[in-house]
Amino acid sequence: MTKSQLIEALAKAEGITLKMAEMAVKVSFETMAEALIKGDRLEVRGFGSFKVKNYDGYKGRNPKTGEIIEVKPKRLPFFKVGKDLKKRVNGEI
Amino acid sequence: MTVTKAHIVERLFRCARGKLTKSECARIVETMFEIIKQTLENGEDVLISGFGKFSVRSKSQRRGRNPQTGDPMILPARRVVTFKCSGVLRSKMNQN
């Protein structure tokens, strides 16, 4: 499912216009993305939570050429699945 | 600080400029996550461009141990949800 399919499904389920559904999906993920960019924690009950993890830089190798490369420190979001979704995906509910 | 569903609802309510009530906003946000959960439950990936991709992966059965007693046990096959951050979000998170 892509973002546009999600928008269509949301419009249909809620009986709202595509435009309204598009705004809802965009605003939701913008709010979530901004939180992660700021480094905030993000929690959606029943779905999951996101935490920003800081990774140190390290010296790595290109496995093909063996060349040593510097891997810079980075920040990445880490997603932890919520209890409800975890169970549902695993067919426990 | 922790951003929650309430923040998303509040933001949607402001963006709607009177076209939606707050409870309508709450219901729409709730339904959106429900659609995503239902899709993942059906085993289908959800790709949100500019944010990331939620995928369902099947893990096969494996031998594990009870960490408390050390007893060996068989962990059954299961399905898990994974998230991969989009390149756009990743670079925005690492700008400074």
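Within every chain, numbering begins at 1; the chains are lettered A, B, ... in the order of the sequence lines, protein sequences first and strands thereafter.
- Neither the backbone nor the side chain of A:Glu92 comes within contact range of chain B; no heavy atom of the residue lies under 4.5 Å from a heavy atom of that chain.
- Taking the six-membered ring where tryptophan is involved, the planes of A:Phe50 and B:Phe54 are perpendicular, since the angle between them exceeds 60° and thus also 30°.
- Of the listed residues (A:Val52, A:Ile37, A:Thr2), the one with the most heavy-atom contacts under 4.5 Å to chain B is A:Ile37.
- Options A:Gly46, A:Gly91, A:Ser4 differ in how many heavy-atom pairs under 4.5 Å they form with chain B, and the most are formed by A:Gly46.
- Ranked by heavy-atom pairs under 4.5 Å with chain A, the first of B:Val88, B:Val29, B:Leu20 is B:Leu20.
- The minimum heavy-atom distance linking A:Met23 with B:Cys15 is given by the pair SD-O, 3.7 Å.
- Comparing A:Ser28, A:Ala21, A:Ala35 by heavy-atom pairs within less than 4.5 Å of chain B, the highest count is held by A:Ser28.
- Minimum interatomic distance between B:Lys5 and B:Phe33 (heavy atoms only, all atoms of both residues): CG-CE1, 4.4 Å.
- Comparing A:Ala24, A:Pro77, A:Gly82 by how many heavy-atom pairs each has under 4.5 Å with chain B, the most go to A:Pro77.
- Counted by atom type alone, B:Glu44 and B:Asn42 present zero donor-acceptor pairs between their side chains at under 3.5 Å.
- In terms of heavy-atom pairs under 4.5 angstrom with chain A, the leader among B:Thr2, B:Val9, B:Ile36 is B:Thr2.
- Using a 4.5 Å cut-off between heavy atoms, A:Met32 contacts chain B through both its backbone and its side chain.
- Ranked by non-hydrogen atom pairs under 4.5 Å with chain A, the options B:Lys53, B:Arg90, B:Arg27, B:Gln38 are led by B:Arg27.
- For A:Val25, the parts lying near chain B are the backbone and the side chain together; criterion is any non-hydrogen pair under 4.5 Å.
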For the pair B:Phe51 and B:Phe83, evaluate ring pair (Phe, Tyr, Trp, His ring centres under 6.0 Å) and give the outcome as yes or no after the intermediate values. CA-CA 10 Å; B:Phe51 189 78; B:Phe83 173 71; 5.6 Å; yes
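- The part of B:Val56 that comes within reach of chain A is its side chain, from C-beta onward, which places non-hydrogen atoms under 4.5 angstrom from that chain.
- For chain B, the nearby part of A:Ile16 is the side chain; its heavy atoms alone come within less than 4.5 Å.
- Nearest heavy atoms, A:Ala13 versus B:Ile35: CB-CD1, 4.3 Å.
- Taking both residues in full, the closest heavy atoms of B:Thr39 and B:Asp45 are given as CG2-O, 4.2 Å, listed atom of the first, atom of the second, then distance.
- Contact count against chain A (heavy-atom pairs under 4.5 Å) is highest for B:Met32 among B:Lys19, B:His7, B:Arg78, B:Met32.
- For B:Ala16, the parts sitting under 4.5 Å from any heavy atom of chain A are the backbone and the side chain alike.
- When every heavy atom of B:Arg79 is checked against every heavy atom of B:Gly43, the shortest pair comes out as NH1-CA, 3.6 Å.
- Under 3.5 Å, the side chains of B:Thr4 and A:Glu43 contain no donor-acceptor pair of N or O atoms.
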